[in-house]
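So the structure is just underneath, and the comments pick up after that.
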Amino acid sequence: MCEGAKVCGTFICPLVLLVFFVGCSTLSLFSASTTLRASCSYEQAWAVSLASVDEFEINRADKQDGVIKTDWISLSSKRKAGLLGRSGVNEERARFVVNLEPTQQTVTITVRQVREYFSPMGAQSQSTAWRRVSANSDEEVRLAQRISGQLVKKGCETLR
């Protein structure tokens, strides 16, 4: 009985820790975002946020739910493909999701980029699905700063 407990403890504890750490690191792929608060009306924050994504095609703009979602944009990928590490064959795409949530005195605006990757080569080519990769936080911050700057021009105070 004691031997079984040693074996279980030797394999189960590291396995549980591995699952925990892999799960937490994978979660970071999906939860990156930039948030700001604005002391203005929801109407002003909505209009400015919608105008700030004007360089993208809009996939969804639902004022009642407070969601602005852009269409996918194609990006060049710096990831190497296949066994020989070829460049220029992989694809990436990204979209922005802007959420607005009114609170008592402010409007909370969250900017999140969703980024995906596809490789037509090697073992990865067996899957035709796009795979989620980490968002570019610089691009999220840039869009949040654009929204913040426009809000300030409209007389709103922004807080981070």
Side-chain angles (χ1 to χ4, degrees), residues 9 12-81 87-120 124 127-160:
I12 291 181
C13 281
L15 181 62
V16 168
L17 287 173
L18 177 68
V19 168
F20 174 76
F21 286 117
V22 169
C24 289
S25 66
T26 305
L27 248 168
S28 68
L29 291 177
F30 305 108
S31 62
S33 65
T34 302
T35 302
L36 62 103
R37 290 187 340 244
S39 62
C40 58
S41 73
Y42 181 80
E43 297 296 322
Q44 283 179 300
W46 175 262
V48 167
S49 297
L50 191 58
S52 295
V53 294
D54 64 347
E55 69 186 79
F56 307 105
E57 294 291 323
I58 303 295
N59 177 283
R60 177 178 176 215
D62 188 334
K63 189 174 179 180
Q64 185 174 350
D65 287 344
V67 177
I68 301 169
K69 186 185 290 188
T70 67
D71 274 340
W72 291 105
I73 53 170
S74 296
L75 305 166
S76 61
S77 178
K78 294 181 178 127
R79 299 172 194 275
K80 303 291 183 183
S87 58
V89 295
N90 295 330
E91 299 175 45
E92 285 192 36
R93 66 184 184 176
R95 72 172 8 157
F96 286 100
V97 180
V98 179
N99 293 95
L100 288 85
E101 184 179 330
T103 56
Q104 289 179 348
Q105 302 291 325
T106 62
V107 177
T108 301
I109 303 167
T110 304
V111 176
R112 184 172 48 95
Q113 183 188 65
V114 179
R115 198 173 189 104
E116 295 181 341
Y117 161 79
F118 174 76
S119 178
Q124 296 176 347
S127 168
T128 58
W130 289 85
R131 288 176 298 288
R132 180 94 34 114
V133 294
S134 297
N136 184 328
S137 60
D138 291 341
E139 292 174 4
E140 287 177 346
V141 167
R142 206 171 303 122
L143 180 54
Q145 287 174 338
R146 185 180 326 152
I147 293 170
S148 177
Q150 292 300 315
L151 287 168
V152 169
K153 285 182 182 177
K154 298 284 184 185
C156 299
E157 183 180 345
T158 59
L159 316 161
R160 284 250 165 148

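Computed from a prediction, not measured in an experiment: that's the story for all the values here. Counting from 1, the numbers follow the sequence of the chain as shown.
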Student check: side-chain heavy atoms of V67 and N99 closer than 4.5 Å: yes
State whether the side chain of Q113 and the backbone N or O of N136 hold a donor-acceptor pair below 3.5 Å, judged by distance alone. yes
Quick one: pull up CD in E91 and OG in S74 and give me the separation to the nearest 0.5 Å. 7.0 Å
Nearest 0.5 Å please: distance from the CG atom of L100 over to the CG atom of D62. 11.0 Å
R60 side chain vs K69 backbone, donor-acceptor pair below 3.5 Å: no
Is there a donor-acceptor pair closer than 3.5 Å between any side-chain N or O of S52 and the backbone N or O of V48? yes
Which heavy-atom pair separates L151 from A45 by the least distance, and what is that distance? CD2-CA, 4.0 Å
Give, for atom OG1 of T110 and atom CD of E140, the distance between the pair rounded to the nearest 0.5 Å. 10.0 Å
Is any side-chain heavy atom of F96 closer than 4.5 Å to a side-chain heavy atom of I68? no
To the nearest 0.5 Å, tell me how far Q145 CD sits from T34 OG1. 9.0 Å
Which atom names give the shortest non-hydrogen contact between C40 and C156, and what distance separates them? CB-SG, 2.6 Å
Salt bridge or not between E116 and R95? Use side-chain N to carboxylate O under 4.0 Å. no
Can you tell me how far apart CG (D65) and CD (E101) are? Round to the nearest 0.5 Å. 11.5 Å
Quick one: are W72 and V114 in side-chain contact, heavy atoms under 4.5 Å? yes
Within the 4.5 Å heavy-atom criterion, are L75 and R115 side-chain neighbours or not? yes
Expected output: side-chain R131 to main-chain Y117 donor-acceptor under 3.5 Å: no
Between atom CG of L36 and atom OG of S49, what is the distance when rounded to the nearest 0.5 Å? 7.5 Å
